[in-house]
Amino acid sequence: MRVYAIILSVMLLALFSCENDLTKIDQVTYNPKSPDETIYDLKMVYSDSGYARVELIASYAETFHKPEKITKLFDSIRVNFFSEKGEIISTLTSLYGEINYSKGLLMVKDSVRLYNYKKKQTLETEVLYWNQKDSSIFTQAQVIVKAPDGIFIGEGFKTKQDFSHYEILKPRGKIKIDKQQEIN
């Protein structure tokens, strides 16, 4: 009986001698610059009326909820844009990106490429934006568009996410036009 009393006393002493002050714990463990969520092998699908319209894939992502909800994407980002039939019509790739949920905006940078499968044309730039609200893609940076009928260079760019028609805001260089195209 005496042994049980000693064991019980030691256990009670250990139980009441420990004190956890949450403010002290936060000081040791809390980092305000740490992400609220960390995701490996992220895959997001934006759909409309039950059909996939955009698929975003990233190797690693960190989401922060304050001051704005932003997800930072790292290590090879791929965004597939789908037609109404479910076919991939264009693909956007880069090494880094940020999704700003409050603005409905995706910004990608570092080795940015946008490719249209049907027209076999590629846009290359260092920074590009996709506006989810109106499906537009744009930049003010220098761009190079490589297409079967030539290479087009300039600053500033606008297109829809399918990259079927585009506008270079400040074009530079020479463009060869066939007589047939001049008439049309």
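In this text, all values refer to a predicted model and were calculated from it rather than measured experimentally. Quick note: numbers below take in every heavy atom, side chains included, and nothing from hydrogens, waters or symmetry partners.
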Indicate every side-chain donor-acceptor pair of residues 102-109 with a distance under 3.5 Å to a residue at least two apart or in another chain.
from, atom 1, to, atom 2, distance (Å)
S102, OG, E68, OE2, 2.8
S102, OG, N100, OD1, 2.8

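- Separation of atoms CG (L95) and CG (D110) is listed at 4.5 Å; rounding is to 0.5 Å.
- When hydrophobic side chains of Ile, Leu, Val, Met, Phe, Trp and Tyr are connected at separations under 4.5 Å, Y51 ends up as a singleton with no cluster partners.
- Its side chain outside the 4.5 Å cluster rule for every partner, F64 clusters with none of the Ile, Leu, Val, Met, Phe, Trp and Tyr residues.
- I70 shares a hydrophobic cluster with no other residue; no ILVMFWY side chain has heavy atoms under 4.5 Å from its own.
- Residues L114 and T91 are not in side-chain contact: their nearest non-hydrogen atoms beyond the backbone lie 4.5 Å or more apart.
- In this structure the side chain of V112 reaches within 4.5 angstrom of the side chain of L92, judged on heavy atoms.
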For residues 35-48, please give each side-chain donor-acceptor pair under 3.5 Å, one per line with the distance, not counting sequence neighbours.
from, atom 1, to, atom 2, distance (Å)
D36, OD2, H65, N, 2.6
E37, OE2, H65, NE2, 3.3
K43, NZ, E55, OE2, 3.2

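- Under the ring pair (Phe, Tyr, Trp, His ring centres under 6.0 Å) criterion, Y117 pairs with Y115, sequence neighbours left out.
- In this structure, L56 CG and R78 CZ are separated by 11.5 Å, a value rounded to the nearest 0.5 Å.
- Counting all heavy atoms, side chain and backbone alike, I77 lies closest to A58 at CG1-CB, 4.2 Å.
- Separation of atoms OH (Y166) and NZ (K119) is listed at 8.0 Å; rounding is to 0.5 Å.
- Partners of E126 by side-chain hydrogen bond (donor to acceptor under 3.5 Å, both in side chains), not counting sequence neighbours: none found.
- Residue pairs that meet the ring-ring contact (aromatic ring centres under 6.0 Å, His included) test with at least one member in residues 78-99, sequence neighbours left out, are F74-Y96, F81-W130.
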For a quick test of your reading: what N or O donor-acceptor pairs under 3.5 Å do the side chains of residues 136-146 make, sequence neighbours left out?
from, atom 1, to, atom 2, distance (Å)
S136, OG, D134, OD1, 2.7
S136, OG, D134, OD2, 3.4
T139, OG1, V127, O, 2.7
T139, OG1, A141, N, 3.1
K146, NZ, E124, OE2, 3.4

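- A search for side chain to side chain contact (heavy atoms under 4.5 Å, CB included) contacts involving T71 returns A61, T63, L73, I99, Y101, not counting sequence neighbours.
- Listed by chain and number, the hydrophobic cluster partners of L169 come to none, as no ILVMFWY side chain reaches under 4.5 Å of it.
- Residue R53 holds its CZ atom at 8.0 Å from OG of S83, rounded to the nearest 0.5 Å.
- No more than 12 heavy-atom neighbours from other residues, nucleotides or ligands sit within 6.0 angstrom of CZ on R113.
- For NZ of K160, the number of neighbouring non-hydrogen atoms (other residues, nucleotides, ligands) closer than 6.0 Å is greater than 12.
- Atoms CZ and CD1, on F152 and I168 in that order, are 7.5 Å from each other to the nearest 0.5 Å.
- Applying the salt bridge (charged side-chain N to carboxylate O under 4.0 Å, His left out) test to every pair with at least one member in residues 79-102, sequence neighbours left out, gives no pairs at all.
- Side-chain atoms of S94 and S111, non-hydrogen and from C-beta on, never get closer than 4.5 Å to each other.
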